[in-house]
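To start, the structure under review is shown below, and the notes come after it.
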Amino acid sequence: MRLLLMSDTHLPKRAKELPEPLLAELPRADVVIHAGDWVDTATLDLLESRSRRFIGVYGNNDGPALRARLPEIARAELDGLRLGVVHETGAAQGRERRCAERFPDLDVLVFGHSHIPWDTTAATGLRLLNPGSPTDRRRQPHCTYMTATVKDGGLDEVSLHRLPPRG
């Protein structure tokens with residue numbers, strides 16, 4: 001099962017549209033995951049219409065229209081993998097411990113907010129993934145998103161993809 005992970009798209013404030021390389025991944029993904037800070041409902045409509053399965057949450061920059069359609073925390077079982085999605089996890093220092101305590105029933109937690117790619121594992125085995133942002137790199141060298149594969153109830157082949165600079 002192939003996963004496509006993104007967060008912090010901030011459309012149309014940070015970009016006019018999602019980057020073409022990211023859109024090209026949609027038909028290849030079995031599950032599309034967005035960890036919040038959409039800003040517009042058009043992006044949600046697009047991802048829902050083009051995804052075989054979609055999992056998303058709202059972020060701190062998302063207004064009432066998005067909050068009415070999305071949860072703050074999403075959970076799903078994907079071929080035996082217990083996945084959660086949330087926008088904010090707090091400061092980087094102590095993140096693994098805090099998230100492991102807050103989400104003891106998960107194998108993987110996808111989050112956003114910082115726009116900084118993140119891939120660590122807590123002492124409990126909880127894997128924490130932040131795909132960065134495909135539209136707003138902030139202090140990072142590149143805009144990014146992630147792909148991963150679920151295999152035999154575990155996460156496999158996690159890849160961070162760098163996007164070319166916008167023209």
Side-chain angles (χ1 to χ4, degrees), residues 3-15 17-19 22 25 29 31-48 51 53-78 81-148 150 155 158-163:
L3 310 180
L4 173 60
L5 290 68
M6 69 186 84
S7 187
D8 298 283
T9 47
H10 292 272
L11 294 177
K13 293 183 177 189
R14 302 290 191 242
E17 58 192 14
L18 291 175
L22 177 65
E25 289 283 350
V31 182
V32 175
I33 299 164
H34 192 299
D37 271 6
W38 304 76
V39 181
D40 73 337
T41 57
T43 304
L44 174 57
D45 294 339
L46 175 102
L47 293 183
E48 283 182 330
S51 301
R53 182 171 179 188
F54 172 77
I55 302 168
V57 298
Y58 66 77
N60 61 297
N61 283 294
D62 296 327
L66 286 160
R67 289 172 186 244
R69 293 174 59 186
L70 295 164
E72 180 180 12
I73 300 168
R75 296 170 186 267
E77 188 272 324
L78 305 173
L81 181 81
R82 300 169 304 163
L83 176 101
V85 184
V86 67
H87 184 64
E88 294 187 59
T89 59
Q93 186 172 358
R95 178 176 284 141
E96 288 83 3
R97 179 192 48 77
R98 278 192 319 277
C99 290
E101 289 172 359
R102 185 176 176 197
F103 301 103
D105 58 328
L106 297 180
D107 300 311
V108 175
L109 179 66
V110 178
F111 67 99
H113 188 61
S114 68
H115 300 215
I116 299 171
W118 187 278
D119 183 354
T120 58
T121 303
T124 62
L126 174 66
R127 182 98 175 249
L128 297 154
L129 298 174
N130 184 330
S133 171
T135 56
D136 184 13
R137 63 184 180 87
R138 283 200 183 155
R139 297 172 300 279
Q140 299 304 299
H142 304 279
C143 289
T144 57
Y145 67 93
M146 286 180 169
T147 56
V150 177
L155 200 61
V158 176
S159 298
L160 179 68
H161 300 270
R162 295 177 175 176
L163 291 158

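- Residues forming a side-chain contact (heavy atoms from CB on, under 4.5 Å) with Arg95 (at least two apart in sequence, or on another chain): Thr89, Ala92, Arg98, Cys99, Phe111, Trp118, Leu128.
- When side chains are defined from C-beta on, Val110 does not count as touching Met146, because their heavy atoms never get closer than 4.5 Å.
- Under the rule for a side-chain contact (heavy atoms from CB on, under 4.5 Å), the partners of Ser114 that lie at least two apart in sequence or sit in another chain are Ile116, Asn130.
- Contact record, Leu70 with Trp38: CD1-NE1, 3.2 Å, taken as the closest heavy-atom pair.
- Taking every heavy atom of both residues into account, Asp136 and Cys143 meet most closely at N-SG, 3.7 Å.
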With side chain to side chain contact (heavy atoms under 4.5 Å, CB included) as the criterion, how do Asp119 and Leu129 come out once you've worked through the C-alpha distance, each side chain's angles and the decisive distance to 0.1 Å? CA-CA 5 Å; Asp119 183 354; Leu129 298 174; 3.4 Å; yes
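- From Leu126, atom CG reaches atom CG of Asp105 across 9.5 Å, with rounding to the nearest 0.5 Å.
- Side chain of Arg75 to main chain of Arg82: no donor-acceptor pair is present (N/O by atom type, distance under 3.5 Å, no hydrogens or angles).
- For Asp37 (side chain) and Asn61 (main-chain N/O), a donor-acceptor pair under 3.5 Å exists by modelled atom type.
- For the residue pair His34 / Thr9, a side-chain donor-acceptor distance below 3.5 Å is found, with atom types taken as modelled.
- Looking at Thr144, its side chain does come within 3.5 Å of a backbone N or O of Pro131 through a donor-acceptor pair.
- Listed here is the closest heavy atom pair of Leu78 and Val150: O-CG1, 3.3 Å.
- Heavy-atom minimum distance, Ala74 versus Pro71: CB-CG, 4.1 Å.
- Inter-residue side-chain proximity for Pro104 and Thr124 is flagged as unmet; no heavy-atom pair is nearer than 4.5 Å.
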Assess whether side chain to side chain contact (heavy atoms under 4.5 Å, CB included) is satisfied between Ser7 and His87, documenting all intermediate values. CA-CA 8 Å; Ser7 187; His87 184 64; 4.1 Å; yes
CA sep, side-chain torsions, deciding dist, call: His115, His10, side chain to side chain contact (heavy atoms under 4.5 Å, CB included): CA-CA 11 Å; His115 300 215; His10 292 272; 3.2 Å; yes
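- Residues Tyr145 and Leu22 share a closest heavy-atom pair of CG-CD1, 3.6 Å.
- A salt bridge is absent between Asp8 and Arg138; no separation between the charged side-chain nitrogens and carboxylate oxygens falls under 4.0 Å.
- Leu3 CG to Ser159 OG: the interatomic distance, rounded to the nearest 0.5 Å, is 11.5 Å.
- In this structure, Pro12 and Asp40 approach most closely via the heavy-atom pair CD-CB, 4.1 Å.
- The CD atom of Glu17 sits 10.0 Å away from the OG1 atom of Thr43 when rounded to the nearest 0.5 Å.
- In summary, Arg69 and Asp45 engage in a salt bridge, as defined by a charged side-chain N under 4.0 Å from a carboxylate O.
- Heavy atoms of other residues, nucleotides or ligands lying less than 6.0 angstrom from CD of Glu77 number more than 12.
- Side-chain contact between Ile55 and Leu83: present, with at least one pair of heavy atoms (C-beta onward) separated by less than 4.5 Å.
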Can you list the steps and then say if Arg102 with Leu109 is a side chain to side chain contact (heavy atoms under 4.5 Å, CB included)? CA-CA 11 Å; Arg102 185 176 176 197; Leu109 179 66; over 6 Å; no
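- The shortest distance between side-chain heavy atoms of Leu155 and Asp107 does not fall below 4.5 Å.
- Note that CZ of Arg162 and CZ of Arg137 are 12.0 Å apart. Values are rounded to the nearest 0.5 Å.
- Taking CG of Asp62 as the start and CD of Glu72 as the end, the distance is 11.5 Å to the nearest 0.5 Å.
- Heavy atoms from other residues, nucleotides or ligands lying under 6.0 Å from CD of Glu48 number more than 12.
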